[in-house]
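From a predicted model like this one, the values you see are computed outputs, not experimental measurements. In what follows, every chain begins at residue 1, and chains take the letters A, B, ... in the order their sequences are listed.
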Amino acid sequence: MRTIQLLFFFLFSTVIWSQYSIDGIITDENGLPLKGAHVHIANKTTSTLPNGAFLLEKIPTGKQRLYISFIGYQPIDTVIVVSQNLTLNYQMVLDITKLNEIALFQLRKNSSVSVVEEQIAKATIEQYSNQTLGDALKEVAGVSILKTGSTIVKPVINGLHSSRIPIINNNVRMEDQQWGTEHAPNFDVNSAGKITVIKGASALQYGGDAIGGLVLIESEVVKKDTLFGRTIANFASNGRGGSISSSIHKGNRLGWSWNVVGTLKHLGDRETPDYMLSNTGNREQNFSGSTQYNAENYSIGGMYSFYNAQIGILKAAHIGNVTDLYNAITTQQPFVVDPFTYSIDNPKQEVQHHLGKVNFKKWLSESATLDMQYAFQFNNRLEYDVRRNSENKKASLDLQLATHTLLVDYKKTFDHWQLKTGANLGYQNNFANPQTGVRPLIPSYQKIDLGTYAIGTYNIDNSMVLEGGLRYDFSTIEATKYYLKSRWEERGYDDEFSHFIVGEEGNQWLTKPKFDYHNLTGNLGFRKQFHHELEWYSNVSLASRNPNPSELFSDGLHHSTGQVELGDLRLEREQSFKFSNTLKKDWKKTNLSVTPFINRIANFIYLQPIGFETTIRGAFPVWEFKQTEALLTGIDVNFNWDVTQAFSYKSNFAYVNGENLTENQPLIDMPPVTWNQKLVYSNPKWYDFTASLQSELVFRQTRFPDYNFETNIVVNNELEPVIVDISSSPAGYHLLHLYGEMTFNLGKNNKITTALFIQNLTNTAYRDYLNRQRFYADEMGRNIQLQIKYNF
Amino acid sequence: MKNNLKFLALFLSTSLVFTSCSNDDAPVNEEEVITTVIVTLTNGGNTITLTSKDLDGDGPNAPEVTVSGDLIAGTTYTGSTRFLNELEDPAEEITDEVEEEGAEHQVFYQLLSSLGTVTYTDTDVDGRPIGLSFTLTTGSTAGTGNLTVTLRHEPNKTASGVASGDITNAGGSTDAQVTFPIQVVTD
């Protein structure tokens, strides 16, 4: 900006040896005259008149310093070349950082007013730069993680995960095959500027199916005229590798601004305190770039991001059949432990996600905006298995998911209320590549989505805001799938679904199942402020989620987990009715927030072990997607205390109780009680030194259903019946994490931060109930991570 | 503005490329499937065939197991095991592949020692057994039980006991595992 301005003045200046006068008009961001702005050129000063005009005379010829300032605006400080009489009209630019300090409360841009939004600070995101989105999200009370091994991490909000938690990346709903529990979000945590968690389905503009909640990710947005960058390098002892991420941000209030982020990750086998977790290395190569052009009353932008990951799957988790599963559970030892290696062998996953979008925003008036956005996503998931013919390097699963979405949103603010409304149109095409030589679990399908919503927010007075919203969604899905005739019969589809059959091929039926869904969802809530110290948020929401392709169509052996997974065409949509309240109380040095909730879910879909099926490779455990009436109740508690100026204490506690009402027993896979505490010491005088000790206490999940089954395995050369205990939860555990950082200033805008992060300080061996590989191996042991962050 | 339109055009065109790989209605040609395990036991003119056939692969139907006759006590049988994929026409002989990659495969036989003992009679390139041919010597008394035949891929062939047919330390992954009910009768 400044350079352009300089150029401008150079162009319009010619050299004449004399003294000149300079006049002009100073205006504000809306083009209205600014009275009383301070103008300083050479050794002359003046203030602008009510019409914004100023005049300075007897300015000597040559290079002169120009300085214009007004409170709340970015000062203009530059050099001009004076060689003739000049007219300088200048429009001042609001200083956003200064305004934020004053008007933070009014400016807060909430997706939902009646539900507390939990934000993850940039500092926390950076702390988990070497890990995943899920690891960073775990910092929020009520968010736990569902893992497959150490590197595939999914967030769980108040006991719910996967398709129930849409992830919105820069206003684009991620379509990256979240239907599988071993499918982690295809997202580079380094490209997030801000992460917000909304527990529940109250943010209707993003969809009516967020039964668990929403994760909103936004890139760093800089509305100042500035250019800065950051490089973070991480070295981790566990995995003996690390990552490097670099970003450059060009901010501008008007005109072009852009962001570029690139990340490389390279880690080898992780290890537990006692043994190597063979084949658990991972790699990531990510890039994202966005650009935006801001004009006075419109903005236009584009973004592209590419996520590319190769993830090794623990060798010991690749079980042959139920005998291997039984042995793993009984011995509690992995059956393969190889020496450390960086190389990733089969089984492994290779996932790629492309996301591109263009968006246009128009301020129709001071109080109304119109947003339009088109986004395209392409997700390719390749899963490689140990094949009988080791020469065969083909993937066993190759799914190519393309999604187009078009959004139109309109927002209008009236005196006391605000209206948000909009519509979306989506087309999705999944292609299950038949060249893999393995029958795909997820078939090819096409899906069309259409939705519209309206949300009203009404400010009754300064202390109370009401919110209500309605949303309608139509969705139609048509799949093309080959069913084994034996499976078709075993599922009992003959009577109900024979009209889906369109062809026959040997022992298989070619079917085209088609389903239509009409969903009406809504929510109602309020926020009430009592004095300044106590706030009450209350919300009821009704959400509907259609069964996903995995739940409907899965049929067969999931090679990477060694289990047969069976979907069901009869599954109906899930409907949730959630009532949640938050009480936030601030004292002088402490604050407390308590969020109890109750979530009644009709037709709750879950994966239940039902026994085993015998094939030529032996017996395999069978898991079936079932539907039940469920009730989830729980509470999240947050407590912060500034003990002294240097010491602070943070604590968060989460409890969820999941009940399967139909079967009158606990729901499977519910997170156990967790209690996280953190003691932070900071001393700004000593190079911004900050250290924290975190205690992570996870209790044993005592509430789990008994789905154990009996099978015959060969013991001492003869078949013997045994009970396969796939239900019991592992013991609770307590971990300590230590973190420390210091910042060294290297100049005006340059600084280096070094941080040491030791996870699992005491090198505790443990297993987690929400890890799909808990039957096969322990969790990761101690990890010492060194982080160097360079800001420029 | 013009740039943005170009951008939009680019996105739309790339999306067309990506979606143009239309839905292919061709069924998956399943590879590497073993549908059938046949164990043949021969003593002179007496041949007993044990067959396990699972034509729906990972489907719900359990393998069909047939045993052509009883074994005779105190007899040494020459045994051989074949693996087939009968979904192909003609049936694919997977035995050859196992033999070729003998160093990466081993067949294990588990049965009560009172019913009989199995001794390998073939070797891979490293001189270790593959287990496609063997001898089965039945015990001296009558009895009933099961013979479990397991084909392991990438077993640890040097582990203790593996060369003599003990599966305990073999590791690797299971390509086939079938159980035949057998009966040993006295002459």
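In this structure, the side chains of A:Leu510 and B:Pro27 stay at 4.5 Å or more apart for every pair of heavy atoms. Counting heavy atoms from C-beta outward, B:Val28 and A:Pro440 have side chains that approach closer than 4.5 Å.
Using a 4.5 Å cut-off between heavy atoms, B:Ser52 touches chain A through backbone and side chain atoms alike. Proximity to chain B is limited to the side chain of A:Asp324, based on heavy atoms less than 4.5 angstrom apart. Only the backbone of B:Leu55 comes within contact range of chain A, judged by heavy atoms closer than 4.5 Å. Heavy atoms closer than 4.5 Å to chain B are found in the side chain of A:Val386, but not in its backbone. For B:Val98, no part lies near chain A; criterion is any non-hydrogen pair under 4.5 Å. In this structure, chain A has a heavy atom under 4.5 Å from the backbone of B:Thr36, while its side chain stays farther away. B:Thr35 touches chain A through its backbone: at least one of N, CA, C or O sits under 4.5 Å from a heavy atom, while the side chain does not.
In A:Asn716, the CG atom is not crowded: 12 or fewer heavy atoms of neighbouring residues, nucleotides or ligands sit closer than 6.0 Å. Around the CD atom of B:Glu64, the shell of radius 6.0 Å holds no more than 12 heavy atoms that belong to other residues, nucleotides or ligands.
With rounding to the nearest 0.5 Å, the separation of CG in B:Asn61 from OG1 in A:Thr615 is 11.5 Å. The distance from the CG atom of A:Leu719 to the CG atom of B:Leu111 is 11.5 Å, given to the nearest 0.5 Å. The distance from atom CG of B:Leu151 to atom CZ of A:Arg617, rounded to the nearest 0.5 Å, is 11.0 Å.
Note: B:Asn146 leads B:Asp54, B:Thr174, B:Asn146 in heavy-atom pairs under 4.5 Å with chain A. Per-residue counts of heavy-atom pairs under 4.5 Å with chain B were compared for A:Ser486, A:Gly506, A:Gly618, A:Gly503; the largest is that of A:Ser486. The residue among B:Thr150, B:Leu112, B:Leu87 with the most heavy atom pairs within less than 4.5 Å of chain A is B:Leu112.
Nearest approach of A:Ile616 to B:Ile34, heavy atoms of both residues: CG2-O, 2.9 Å. The minimum heavy-atom distance linking B:Gly59 with A:Glu613 is given by the pair O-OE1, 3.7 Å. Nearest heavy atom pair, residue A:His318 against residue B:Ser173, reads CD2-CB, 4.4 Å.
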